[in-house]
Amino acid sequence: MYEYMKTIVPEERILFHQSMKEYTTFRVGGEAECLVLIQQEEELAKLVPYLNQIEHDYFILGNGSNLLVGDKGYRGIILKFDGPMEQIAVEGTHITAKAGALLSQVAVAAKDNSLTGLEFAAGIPGSIGGGVVMNAGAYDGEMKQVVESVKVMDGNGQITVLDNDTMEFGYRTSIIKSRPYIVLEVVLQLTEGNREQIGARMEELTNLRRSKQPLEYPSAGSTFKRPEGYFAGKLIMDAGLRGYRIGGAQVADKHCGFVINAGGATAADIREVIEEVQERVRERFHVFLEPEVVFLGDF
């Protein structure tokens, strides 16, 4: 397998036994068997069908902002976008961003070009590829409001362009959640605006986040999806779990919807806190809290 991968990706971009602490915002996790830095769509179009053919596990990694990798690591291939797959281009009121580009950087590019509509994304820590998969949103904005089209690749390496309607955007979901698609590129349709006003709104939202969210600690952002008719943070607080801690993992005092790495947490600590929160809220309020976090590897 390694010999074949070397014919597609230069050897220096094939990294073995990489600690996933460096690649996730929780800053925990064991080693991945192999991490491959993908810089061209063609590389992915050859690797993915091959890995599917030999039935070897793989995972497409964005910014690792919604990911918890087990302490025992991941016995599979991590495919991470790098370099050219993080590029952002602006033309008129359109922004074309490769899947590896950070949402925050795309939002800054929009501001720098006096384009409004993406201010809500300035503080979202993920990549635009991941943001499209889960229809990321904040402060009354979400990706479905600005996405014009998404270029995707299927498990056979075939590339398709999906328009906004075809993406089937919903609350923290899209068609990509249920199809074997990999996001390659996103085209956004924004509106001309005033650069100073756009910057002021981004700063306002940043200050709001700092005041309400535990940004000083490693986390995956909001740990749970909002259950219909409720707010996850309030349910957790009302269940008496503010500050609840196992090892180095804790329900944040500032915002109970966040499980944080308060210092020295293991992935197992974080998972235990998440599961305990789910159990207590279910017992007390008969509401199931679905994690936004993806669990990967062996715990």
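Numbers for residues simply follow the sequence, beginning at 1. What you are looking at is a predicted structure, and each value in this text was computed from that prediction instead of being measured.
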### Task
Please name all residues satisfying side-chain contact (heavy atoms from CB on, under 4.5 Å) with Ala99, sequence neighbours left out, ordered by chain then number.
Phe81, Val183
### For Leu215, the rest of its hydrophobic cluster, which grows through side-chain links under 4.5 angstrom
none
### Task
Sequence neighbours left out, what passes salt bridge (charged side-chain N to carboxylate O under 4.0 Å, His left out) with Glu31? Give chain and number order.
none
### Those residues that, when tested against Arg242, pass side-chain contact (heavy atoms from CB on, under 4.5 Å) (two or more places apart)
Met237, Asp253, Cys256
### Message
Please determine whether a side-chain nitrogen of the Lys or Arg among Glu41 and Lys98 lies less than 4.0 Å from a carboxylate oxygen of the Asp or Glu.
### Response
yes
### Task
May I ask you to decide whether Asp298 forms a salt bridge with Arg75, counting only side-chain N to carboxylate O separations under 4.0 Å?
yes
### Query
Sequence neighbours excluded, which residues qualify as side-chain contact (heavy atoms from CB on, under 4.5 Å) partners of Val108?
Asp112, Met202
## Note on the structure
Residues at least two apart in sequence or cross-chain that pass ring-ring contact (aromatic ring centres under 6.0 Å, His included) with Phe258, listed by chain then number, are His255
### Message
Test question: given the 4.5 Å side-chain rule for I, L, V, M, F, W and Y, name all other residues clustered with Tyr171, or answer none.
### Response
none
#### Entry: Members sharing Tyr139's hydrophobic cluster (side chains within less than 4.5 Å)
Leu205, Leu208
### Glu119: salt bridge (charged side-chain N to carboxylate O under 4.0 Å, His left out) partners, not counting sequence neighbours
none
#### Entry: Under the side-chain contact (heavy atoms from CB on, under 4.5 Å) test, residues paired with Gln145 that sit two or more places apart
Glu142
### Message
Please tell me whether Phe16 and Tyr2 form a close aromatic pair, meaning their ring centres lie under 6.0 Å apart.
### Response
yes
#### Entry: Linked hydrophobic residues, Leu37 as query - side chain contacts closer than 4.5 Å
Leu15, Met20, Tyr23, Leu35, Phe59, Leu61, Leu67, Val69, Tyr74, Ile78, Val294, Leu296
#### Entry: Listed partners of Tyr4 passing ring-ring contact (aromatic ring centres under 6.0 Å, His included), at least two apart
Tyr50
### Task
Before accepting this row, confirm whether a basic side-chain N of the pair Glu276/Arg280 lies closer than 4.0 Å to the acidic partner's carboxylate O.
yes
